[in-house]
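Because the structure is predicted, anything quoted here is derived from the model rather than measured. Residue indices begin at 1 and follow the sequence shown.
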Amino acid sequence: MTIDGPAGAGKSTVARQLAVRLGYLYLDTGALYRAVAWKVRSVGMSPEDEKSIAAMLPSMQVSMDQRSDGVHVAVDGRDVTNDLRTPEISAMASQVSAFPAVREWLLPVQRRVGEAGGVVAEGRDLGTRVFPSAEAKFFLDADVNTRAGRRQQDLTGAERSAPLERTKQEIEARDQRDRSRAIAPLVPAVDAEVIDSSALTVEQVVDRMMGKIAAKL
Ligand code: DC
């Protein structure tokens with residue numbers, strides 16, 4: 001099962017609930033791009049330095065571990081879960097995700113998690129590239145004001161009181177980059193069900209997806 005879509009469309013909340021309802025594993029692929037961004041920052045590289053980033057990847061280790069309080073992400077054995085959701089890492093993840101070497105490197109990492117089936121995977125290119133033969137594909141979208149408001153709620157501490165307009169600008173810049181990059185851009189798969197969540201509750205979205213899935217299985 002794949003759920004693709006832009007930032008703030010509600011993918012994570014919906015994917016987690018869908019995974020619980022189906023008894024499936026939840027795979028947050030954005031966290032993997034964020035982990036690469038975290039590593040790039042921790043070694044002091046520029047997120048624009050494609051060559052150095054590509055050279056660094058083979059020595060990097062990333063792992064995801066499902067625990068009772070959620071999925072934990074480790075980079076080179078260190079738990080970085082709580083450092084991945086900042087606006088800085090969001091922007092850097094979007095930058096490094098445009099590099100072919102980064103996408104190639106993460107491809108087998110994602111497929112390994114999905115190979116046994118029973119996974120709800122969320123990201124940008126899961127239905128188009130990572131899992132093209134998924135049993136059901138969704139593309140979750142929402143208007144930019146709704147998405148900025150939701151993203152604001154995800155932020156913590158001082159970041160949460162950032163002006164909504166700034167969050168909106170950050171989201172628009174990131175979407176623009178994710179949609180226009182040369183490889184694996186953010187687009188719905190031809191066989192994906194597109195859902196606009198602007199006026200829907202989480203439960204309504206999940207119910208709609210469950211309906212589609214039930215019709216397919
Ligand atoms: O879903 P997210 O906000 O955690 O993703 C962070 C960035 O990672 C996003 O701006 C683009 C990139 N990404 C991607 O290119 N492909 C994916 N499958 C998931 C995320």
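Arg78 CZ: 12 or fewer foreign heavy atoms inside a 6.0 Å radius.
Checked for salt-bridge contact, Arg174 and Glu88 miss the test: no charged N lies under 4.0 Å from a carboxylate O. A salt bridge is absent between Lys168 and Asp175: the closest approach of a Lys/Arg side-chain nitrogen to an acidic carboxylate oxygen does not fall below 4.0 angstrom. With respect to Asp65 and Arg67, a salt bridge is recorded, a charged nitrogen being found less than 4.0 Å from a carboxylate O. Under the 4.0 Å criterion applied to side-chain N and carboxylate O atoms, Lys137 and Asp191 are assigned as salt-bridge partners.
Side-chain atoms of Lys39 do not come within 3.5 Å of backbone N or O of Gln61 as any donor-acceptor pair. Checking side-chain atoms of Arg111 against main-chain N and O of Val130 turns up a donor-acceptor pair under 3.5 Å. Side chain of Gln110 to backbone of Leu106: a donor-acceptor contact under 3.5 angstrom is found. Looking only at distances, no side-chain donor or acceptor of Thr167 sits under 3.5 Å from a matching main-chain atom of Gln152. For Ser198 (side chain) and Asp143 (main-chain N/O), a donor-acceptor pair under 3.5 Å exists by modelled atom type.
Heavy-atom minimum distance, Arg34 versus Leu84: NH1-O, 2.8 Å. Listed here is the closest heavy atom pair of Ala142 and Arg150: CB-NH1, 3.9 Å.
Phe131 and Ile213 fall into different hydrophobic clusters, defined by Ile, Leu, Val, Met, Phe, Trp and Tyr side-chain heavy atoms under 4.5 Å apart, directly or through other members. Taking hydrophobic clusters as Ile, Leu, Val, Met, Phe, Trp and Tyr residues chained together by side-chain heavy-atom distances below 4.5 Å, Val187 does not share a cluster with Phe139. Hydrophobic clustering keeps Val20 apart from Leu27 (ILVMFWY residues linked when any side-chain heavy atoms are closer than 4.5 Å, directly or through intermediates).
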Residue pair Asp4, Arg129: steps toward the salt bridge (charged side-chain N to carboxylate O under 4.0 Å, His left out) verdict: CA-CA 11 Å; Asp4 291 304; Arg129 181 147 194 264; over 6 Å; no
Side chain to side chain contact (heavy atoms under 4.5 Å, CB included) between Asp141 and Arg147, intermediate numbers included: CA-CA 9 Å; Asp141 210 343; Arg147 294 193 287 113; 4.1 Å; yes
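Thr128 and Asp125 share no side-chain donor-acceptor pair at under 3.5 Å.
Screening Arg177, Gln176, Glu170 for a side chain to side chain donor-acceptor pair (under 3.5 Å) involving Ser94 leaves a single residue, Arg177.
Within the 4.5 Å cutoff, the side chain of Val36 has heavy atoms near those of the Leu57 side chain. Between Asp178 and Ser97 the shortest side-chain heavy-atom distance falls below 4.5 Å. Within the 4.5 Å cutoff, the side chain of Glu122 has no heavy atoms near those of the Thr2 side chain. The shortest distance between side-chain heavy atoms of Val119 and Tyr24 does not fall below 4.5 Å. Within the 4.5 Å cutoff, the side chain of Val40 has heavy atoms near those of the Met92 side chain.
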